[in-house]
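Below is one structure; the comments refer to it alone.
Bear in mind that the values here come from a model prediction, so they are computed numbers and not experimental data.
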Amino acid sequence: MTVRSRSIGNALVALAASLLAGCAATPSRIDPFEPMNRGMFQIHTAVDEAVMRPAIQMYIDVVPDPVRQAVSNFFNNIDDMVSVVNDLLQGKIDKAGNDMGRVMLNTTWGLGGLVDLASMVGIERGNEDFGQTFGVWGFDQGPYLFVPILGPTTFRDGTGWIVRAAWGGPVGYIPDVAVRNVIYGVGAVDLRAQLMGTTKLVDTAALDRYLFIRNAYLQRRRYLVYDGKPPPEKEEE
């Protein structure tokens, strides 16, 4: 049996044990499915360590920094387009104008988004998404979920993922399926590469990696929904 097979096998055993222990676990308001989520996290970790991290590290080692930065800029430009839509849905007209300005500048003079000229001249990214929009509209975040490969989310943010996937953004309108899928694949590789530094931090700093990731994710999403000024949190029951 290979190391990969043993890692994935161990994760499946951990998932089964977590599910069986679910009845004995104390439920949490923010994470009522914690036993299941921990099992999913174990599966994610096994696949990530055996397959994803080595592949992404190879990408980082082989592809020069300027090329990787250009790839990141390209996908950030697409995210800025999505941000414009969510700015408008949230009634943030000034922010929508800034994000639209970023898209226009980077798409035209920035070689289709490969060069982030907007940041160079001080136009900050809006970073709005559908999950944040639902939060601004008053929808509760719902239970926390951990999805293998995709990572942490909540019912609200997961619904935002579905909306984004259904719309597809500008890439979704590319008629050639093969080209479209390649772009999606490169985007996933770029995103994982950007998270490598965070992964190393979690590995070295966290006693309980699951709790560290969960709490960091929920705090960041709350910060984003309230544009950096969240109200006091309700005490955990």
Side-chain angles (χ1 to χ4, degrees), residues 30-31 37 40 44 69 71-107 110 112-113 116 118-119 123-174 180-181 183-199 213-231 233:
I30 61 172
D31 192 3
N37 284 332
M40 294 299 174
H44 170 87
Q69 185 59 59
V71 171
S72 295
N73 290 340
F74 174 80
F75 287 103
N76 286 342
N77 193 48
I78 293 176
D79 287 341
D80 287 340
M81 299 179 193
V82 177
S83 188
V84 171
V85 174
N86 285 282
D87 289 331
L88 295 174
L89 291 174
Q90 296 174 31
K92 299 175 180 177
I93 305 303
D94 291 342
K95 204 170 185 180
N98 286 340
D99 284 333
M100 179 61 74
R102 284 185 55 85
V103 171
M104 294 177 64
L105 179 60
N106 288 341
T107 301
D116 188 1
S119 292
I123 306 176
E124 297 182 358
R125 300 187 62 213
N127 287 318
E128 299 287 349
D129 56 46
F130 290 103
Q132 291 170 245
T133 295
F134 295 148
V136 171
W137 287 356
F139 290 96
D140 187 75
Q141 71 176 9
Y144 173 81
L145 295 171
F146 195 96
V147 183
I149 308 303
L150 296 179
T153 187
T154 62
F155 274 18
R156 183 176 68 198
D157 289 342
T159 303
W161 283 0
I162 294 173
V163 173
R164 170 71 185 271
W167 172 38
V171 177
Y173 294 99
I174 297 177
R180 188 167 67 235
N181 289 339
I183 294 176
Y184 283 142
V186 173
V189 169
D190 171 68
L191 179 60
R192 185 63 185 85
Q194 293 182 51
L195 294 174
M196 282 294 282
T198 303
T199 300
I213 292 172
R214 184 191 73 185
N215 294 341
Y217 174 81
L218 293 176
Q219 289 172 11
R220 179 177 180 274
R221 293 301 295 175
R222 180 177 174 80
Y223 181 90
L224 291 175
V225 168
Y226 289 100
D227 291 331
K229 300 177 181 178
E233 295 188 66

(request) Pick out which of N76, N98, I78, D99 makes a side chain to side chain contact (heavy atoms under 4.5 Å, CB included) with S83. (result)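 Testing S83 for a side chain to side chain contact (heavy atoms under 4.5 Å, CB included) against N76, N98, I78, D99 leaves exactly one candidate, D99.
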(message) Between D31 and N37, is there a side-chain donor-acceptor contact under 3.5 Å, judged purely by atom types and distance?
(response) yes
(request) Indicate yes or no: does R164 engage D79 in a salt bridge with an N to O separation below 4.0 Å. (result)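 A salt bridge is present here (some side-chain N lies under 4.0 Å from a carboxylate O).
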(message) Under a 4.0 Å threshold between the charged nitrogen and the carboxylate oxygen, would D129 count as salt-bridged to R221?
(response)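 Salt bridge between R221 and D129, a charged N being under 4.0 Å from a carboxylate O: yes.
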(request) Let me see the working for I93 and L88 under side chain to side chain contact (heavy atoms under 4.5 Å, CB included), right down to the final yes or no. (result) CA-CA 6 Å; I93 305 303; L88 295 174; 4.2 Å; yes
(request) Dump the intermediate steps for side chain to side chain contact (heavy atoms under 4.5 Å, CB included) on L150 and W161, then the final yes or no. (result) CA-CA 10 Å; L150 296 179; W161 283 0; 3.6 Å; yes
How long is the gap from [atom1] on [X] to [atom2] on [Y], to the nearest 0.5 Å?
X: N77; Y: S72; atom1: CG; atom2: OG; answer: 12.5 Å
X: Y217; Y: F146; atom1: OH; atom2: CZ; answer: 11.0 Å
X: W167; Y: Y173; atom1: CH2; atom2: OH; answer: 7.0 Å
X: I123; Y: M100; atom1: CD1; atom2: CE; answer: 12.5 Å
X: Q141; Y: L218; atom1: CD; atom2: CG; answer: 5.5 Å
X: Y144; Y: I213; atom1: OH; atom2: CD1; answer: 6.5 Å

(message) Once side chain to side chain contact (heavy atoms under 4.5 Å, CB included) is applied, do any residues pair with L89, and if so which ones, sequence neighbours excluded?
(response)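 So L89 forms a side chain to side chain contact (heavy atoms under 4.5 Å, CB included) with V85, N86, F130, T133, W137.
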(request) Would you confirm whether D87, through its side chain, and E128, through its main-chain N or O, come within 3.5 Å as a donor-acceptor pair? (result)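 No.
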(message) Counting only heavy atoms from other residues, nucleotides and ligands, does the tally under 6.0 Å from CD of Q194 exceed 12?
(response)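 Above 12, so yes.
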(message) Other residues, nucleotides and ligands only: do more than 12 of their heavy atoms fall within 6.0 Å of CE on M104?
(response)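 Count not over threshold, so no.
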(message) Using side chain to side chain contact (heavy atoms under 4.5 Å, CB included), reason through V147 and M40 one step at a time and then give a plain yes or no.
(response) CA-CA 6 Å; V147 183; M40 294 299 174; over 6 Å; no
(message) If the condition is side-chain hydrogen bond (donor to acceptor under 3.5 Å, both in side chains), which residues does D80 pass it with, not counting sequence neighbours?
(response) R102, R125
(message) For Q69, give me all partners under side-chain hydrogen bond (donor to acceptor under 3.5 Å, both in side chains), at least two apart in sequence or on another chain.
(response) N73
(request) With the side chain counted from C-beta on, respond yes when F75 and V186 share a heavy-atom pair under 4.5 Å apart, and no when they do not. (result)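 With C-beta onward as the side chain, the pair touches.
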(message) side chain to side chain contact (heavy atoms under 4.5 Å, CB included) for K95 and D227? Distances and angles first, verdict last.
(response) CA-CA 11 Å; K95 204 170 185 180; D227 291 331; 3.7 Å; yes
(message) For F139 versus R156, what's the shortest heavy-atom pair and its separation?
(response)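 Heavy atoms of F139 and R156 come nearest at O-NH1, 2.7 Å.
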